*Asks:* 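Dropping the structure in here first, questions after.
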Amino acid sequence: MTSIRRRFVLIALLTVTLSLVAASAVLIHIFGDSYSRRVQDELSGHITRLAAVLQFNADGKLLMPPSPADNRFLTPYSGLYWQIGDPAGKSQLRSPSLFDEALPLPDDAQSPGTIHTYRLEGPEQRDVMVQERVVLVAAPEGKRPVRIAVAIDAAEIDAARWTFALAILPYVVALALFLIVMSLAQLAFGLKPFRQLSADLNLIQNRLADRLPGPYAKELQGLADQLNHLLEMQSAAIDKARGRASDLAHGLKTPLTILSNNAFTLRERGEAKIAAELDWLARTMLAHVNHELARARIAQSPEQRRDDAHASKITLDIIRTLKRTGAGETLAWDFDIPDTLTLPVDPHDFRELVGNLLENATKWAHTSIWIKIAGSGNGWRLVVEDDGPGVPEDKLADLTRRGMRLDTLKPGSGLGLAIVSEIATVYGLKVKFGNRADGGFRADILFPPN
């Protein structure tokens, strides 16, 4: 199942990562440009200082100027170089740092005063950033254009950029962690209304509430109102359906009772065959009505139960009622159920389930009935036993068939254990019918944990 929280976390991680990567790239680019401009300003200053000290001798030959006050111009291959070209005098001067090499400046026409900046391969096959300007210098014959170029090792600029990137990396990581933590906190706070709604729905599922109490966030309040409306409609529809089923069943009972009485009258008049047929029809229809009436009272799902069943109280009420019957008052009842135990079954359905099991046991027991509920690794186990004749092994599978009676001499409709099976199906209970080792019948039902 896809998690909204997981989606938000993934989106937060992705957006924070992309945002910080993009921001870091922009910052590194801005720093690189700033550093490059500073270097270019430095180169421009060197050109200006060189241009200020250029001189020609009487023969019009360009004289070697003093180097600017930077020792790198004096150290071979130091990474800082100058080169002056005099096209008219066909001479070239170079800084000591160039040693025996020259800058391969492009042979292109340039107007005086214009600054040109470019990269090219310098000494020792290392890239250099070059700034070049053509200046007019006073010569014996008049002003003469001189080409002045100053170069610096480009690796210095690239290294500065990488140094800056490594310097800001810990801060970027710290900022990323901070933003992710804040995103998670925002997510936790933002999903809080959903957790409240989920908790309130669990209360309804566990029959601790019959509607969503609220109030909720504005975006969820409409959904909560619709859910409450659906819950009310569902409850009303269930109550109406149960009421109509009950009315129909009770409405049919009276005519069926009259039909049974008429069968008795016919039997007294000697119409035994017709009487037997009418009596069989009446009993069959009455059993069907009783079965449908019992089914109408069963919750259609565990979530529709009215409340949880107090096992001890309900069972004791049933036992007290059965003890007042002719068969129940002579029996010994062995009862072992925890006083505070509640089971996730509608109280009415639990009463139907236990009541049918105990009524069946009362019919067949000779002297004793045992009822016990004990915890097990998989939940709670209900066991009802009697010391009656038991059931033939080949007939055990027929016990849950509707209207199936293994002995017609005993009163009843044959619906009891079938109703037990239907209730167990609704709640997902495991049912097992069998015989006791010492003789008698045993019903074993496993309830899930609370």
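Keep in mind the model is a prediction, meaning the values are calculated, not measured.
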*Asks:* Output yes when a side-chain donor or acceptor of S24 lies under 3.5 Å from a complementary backbone atom of L20, and no otherwise.
*Replies:*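 Between the backbone of L20 and the side chain of S24 there is a qualifying donor-acceptor contact (under 3.5 Å).
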*Asks:* Of the non-hydrogen atoms in P215 and Q196, which two are nearest, and what is the gap between them?
*Replies:*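 For P215 versus Q196, the nearest heavy atoms are O-NE2, 3.5 Å.
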*Asks:* Rounded to the nearest 0.5 Å, what's the gap from CG on L223 to CG on L227? Could you check?
*Replies:*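 Atom-to-atom, L223:CG and L227:CG are 4.5 Å apart.
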*Asks:* Check whether any side-chain heavy atom of L429 sits under 4.5 Å from a side-chain heavy atom of L446, and report yes or no.
*Replies:*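 Result no, sub-4.5 Å side-chain heavy-atom pair not found.
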*Asks:* Looking at every heavy atom in both L341 and W380, which two are closest together, and how far apart are they?
*Replies:*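 Heavy atoms only, the tightest pair is CD1-CE2, 3.4 Å.
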*Asks:* Could you check E385, K430, R381 and say which one makes a side chain to side chain contact (heavy atoms under 4.5 Å, CB included) with D444?
*Replies:*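 Filter result, single survivor: R381.
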*Asks:* A side-chain contact here means heavy atoms from C-beta on lying under 4.5 Å apart; do V150 and V130 qualify?
*Replies:*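 When only atoms from C-beta onward are counted, V130 and V150 do not touch, as no gap falls below 4.5 Å.
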*Asks:* Do H229 and D225 get their side chains close enough for a donor-acceptor pair, meaning under 3.5 Å?
*Replies:*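 No pair is found: no donor N or O on one side chain lies under 3.5 Å from an acceptor on the other.
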*Asks:* Do other residues, nucleotides or ligands put more than 12 heavy atoms under 6.0 Å from the CD atom of Q186?
*Replies:*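 No, the 6.0 Å shell around CD holds no more than 12 heavy atoms from other groups.
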*Asks:* Looking only at side-chain N and O atoms, does E232 offer a donor or acceptor that is under 3.5 Å from a partner on N228?
*Replies:*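 No.
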*Asks:* In the structure I gave you, are the side-chain heavy atoms of L98 and P123 within less than 4.5 Å of one another anywhere?
*Replies:*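 In contact.
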*Asks:* Could you check whether any side-chain heavy atom of V128 comes within less than 4.5 Å of a side-chain heavy atom of Y118, counting everything from C-beta outward?
*Replies:*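 No, too far: nothing below the 4.5 Å cut-off.
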*Asks:* Please name the pair of heavy atoms, one in L120 and one in P104, separated by the smallest distance, quoted to 0.1 Å.
*Replies:*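 Residues L120 and P104, closest heavy atoms: CD2-O, 3.7 Å.
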*Asks:* Check the pair N435, R442 against side-chain contact (heavy atoms from CB on, under 4.5 Å), reporting the backbone distance first and the verdict last.
*Replies:* CA-CA 5 Å; N435 293 310; R442 172 189 172 98; over 6 Å; no
*Asks:* Locate the shortest heavy-atom distance separating L103 from A151; write the atom from each residue and the value.
*Replies:*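 The pair with the smallest heavy-atom distance is CD1-CB, 3.9 Å.
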*Asks:* Could you measure the distance from the CD1 atom of I314 to the CG atom of L316? Nearest 0.5 Å is fine.
*Replies:*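 Spacing of CD1 (I314) from CG (L316) equals 10.5 Å.
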*Asks:* Is it true that, when you exclude R436 itself, more than 12 heavy atoms of the residues, nucleotides or ligands shown sit nearer than 6.0 Å to its CZ?
*Replies:*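 Enclosed: over 12 neighbouring heavy atoms sit under 6.0 Å from CZ of R436.
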*Asks:* I'd like to know if the side chain of T362 and the backbone of L358 have a donor-acceptor N/O pair within less than 3.5 Å.
*Replies:*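 Checking the backbone N and O of L358 against the side chain of T362, a donor-acceptor pair under 3.5 Å is found.
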*Asks:* Answer yes if the side chains of S44 and Q40 hold a donor-acceptor pair under 3.5 Å, and no otherwise.
*Replies:*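 No pair is found: no donor N or O on one side chain lies under 3.5 Å from an acceptor on the other.
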*Asks:* So, D387 side chain and S368 main chain: donor-acceptor pair closer than 3.5 Å or not?
*Replies:*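 Yes, because the side chain of D387 sits within donor-acceptor range (under 3.5 Å) of the backbone of S368.
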*Asks:* I want to check something: taking the side chain as every heavy atom from C-beta on, are D346 and Y427 in contact at a cut-off of under 4.5 Å?
*Replies:*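 D346 vs Y427: side chains touch.
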*Asks:* As an exercise, state the distance from CD1 of I423 to CG of N356, rounded to the nearest 0.5 Å.
*Replies:*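 Reported to 0.5 Å precision, the distance equals 7.0 Å.
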*Asks:* Side chains of H46 and L80: does their closest heavy-atom pair fall under 4.5 Å?
*Replies:*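 Side-chain contact under 4.5 Å: yes.
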*Asks:* Which word best sums up how the rings of F441 and F433 line up, parallel for under 30°, tilted for 30 to 60°, or perpendicular for over 60°?
*Replies:*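 It falls in the tilted class, 30° to 60°.
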*Asks:* Does R161 come within less than 4.0 Å of D158, counting only side-chain N to carboxylate O?
*Replies:*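 Looking at R161 and D158, the cut-off is met.
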*Asks:* Going from CZ on R133 to CD1 on I47, what distance comes out if it is rounded to the nearest 0.5 angstrom?
*Replies:*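 Rounded to the nearest 0.5 Å, the CZ-CD1 separation comes to 5.5 Å.
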*Asks:* Is there side-chain contact between S312 and D339, with at least one heavy-atom pair below 4.5 Å?
*Replies:*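 Yes; the side chains approach each other to less than 4.5 Å.
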*Asks:* How close do R126 and A155 get, counting heavy atoms only, and between which atoms?
*Replies:*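 Closest pair (atom of R126, atom of A155, distance): NH2-CB, 4.1 Å.
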*Asks:* Nearest 0.5 angstrom please: I152 CD1 to D127 CG, how far?
*Replies:*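 If we round to the nearest 0.5 Å, I152:CD1 and D127:CG are 13.5 Å apart.
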*Asks:* Between P68 and F73, is any pair of side-chain heavy atoms under 4.5 Å apart?
*Replies:*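 When only atoms from C-beta onward are counted, F73 and P68 do touch, with a gap below 4.5 Å.
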*Asks:* Take L353 and I445 through the test side-chain contact (heavy atoms from CB on, under 4.5 Å) and record every step on the way to the result.
*Replies:* CA-CA 10 Å; L353 185 146; I445 300 180; 3.7 Å; yes
*Asks:* Please check this pair: side chain of S78 against backbone of T75, looking for a donor-acceptor N/O pair closer than 3.5 Å.
*Replies:*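 Indeed, once roles are kept as given, a pair shorter than 3.5 Å links the two residues.
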*Asks:* Is it true that, when you exclude H366 itself, more than 12 heavy atoms of the residues, nucleotides or ligands shown sit nearer than 6.0 Å to its NE2?
*Replies:*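 Yes - once you tally the heavy atoms of other residues, nucleotides and ligands closer than 6.0 Å, there are more than 12.
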*Asks:* Ignoring hydrogens and angles, tell me if any N or O in the side chain of W333 forms a donor-acceptor pair with the backbone of G328 under 3.5 Å.
*Replies:*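 Yes, because the side chain of W333 sits within donor-acceptor range (under 3.5 Å) of the backbone of G328.
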*Asks:* After noting the C-alpha distance and the side-chain angles of R72 and E42, does the key distance pass the salt bridge (charged side-chain N to carboxylate O under 4.0 Å, His left out) rule?
*Replies:* CA-CA 13 Å; R72 289 179 294 174; E42 180 183 349; 3.3 Å; yes
*Asks:* Taking atom NZ of K313 and atom OG1 of T342, what is their separation to the nearest 0.5 Å?
*Replies:*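 Result: 13.5 Å between the selected atoms.
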*Asks:* Test your reading of the model: is there a side-chain donor-acceptor pair from S19 to the backbone of T15, 3.5 Å cut-off?
*Replies:*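 A pair under 3.5 Å: yes.
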*Asks:* State whether the side chain of Y81 and the backbone N or O of G79 hold a donor-acceptor pair below 3.5 Å, judged by distance alone.
*Replies:*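 Between the backbone of G79 and the side chain of Y81 there is a qualifying donor-acceptor contact (under 3.5 Å).
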*Asks:* Would you check, one step at a time, whether the test side-chain contact (heavy atoms from CB on, under 4.5 Å) holds for V173 with L175?
*Replies:* CA-CA 5 Å; V173 173; L175 180 59; over 6 Å; no
*Asks:* Looking only at atom types and distance, does a side-chain atom of T321 sit under 3.5 Å from a main-chain N or O of D317, one as donor and one as acceptor?
*Replies:*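 It does hold such a pair.
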*Asks:* Assess the side chains of Y35 and E156: does a donor N or O sit below 3.5 Å from an acceptor N or O?
*Replies:*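 The answer is yes; a qualifying pair exists.
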*Asks:* What heavy-atom pair brings R119 and A154 nearest, and what distance separates the two atoms?
*Replies:*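 Smallest heavy-atom distance, with atoms named: NH2-CB, 3.0 Å.
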*Asks:* May I have the step-by-step check of side-chain contact (heavy atoms from CB on, under 4.5 Å) for V354 and F350, ending in yes or no?
*Replies:* CA-CA 6 Å; V354 175; F350 184 77; 3.4 Å; yes
*Asks:* Could you tell me whether a side-chain N or O of S183 sits under 3.5 Å from a main-chain N or O of L179, the two making a donor and an acceptor?
*Replies:*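 Side chain of S183 to backbone of L179, a donor-acceptor pair under 3.5 Å: yes, one is there.
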*Asks:* Tell me which one of L382, V383, D386, I371 satisfies side chain to side chain contact (heavy atoms under 4.5 Å, CB included) with L357.
*Replies:*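 The passing option is L382.
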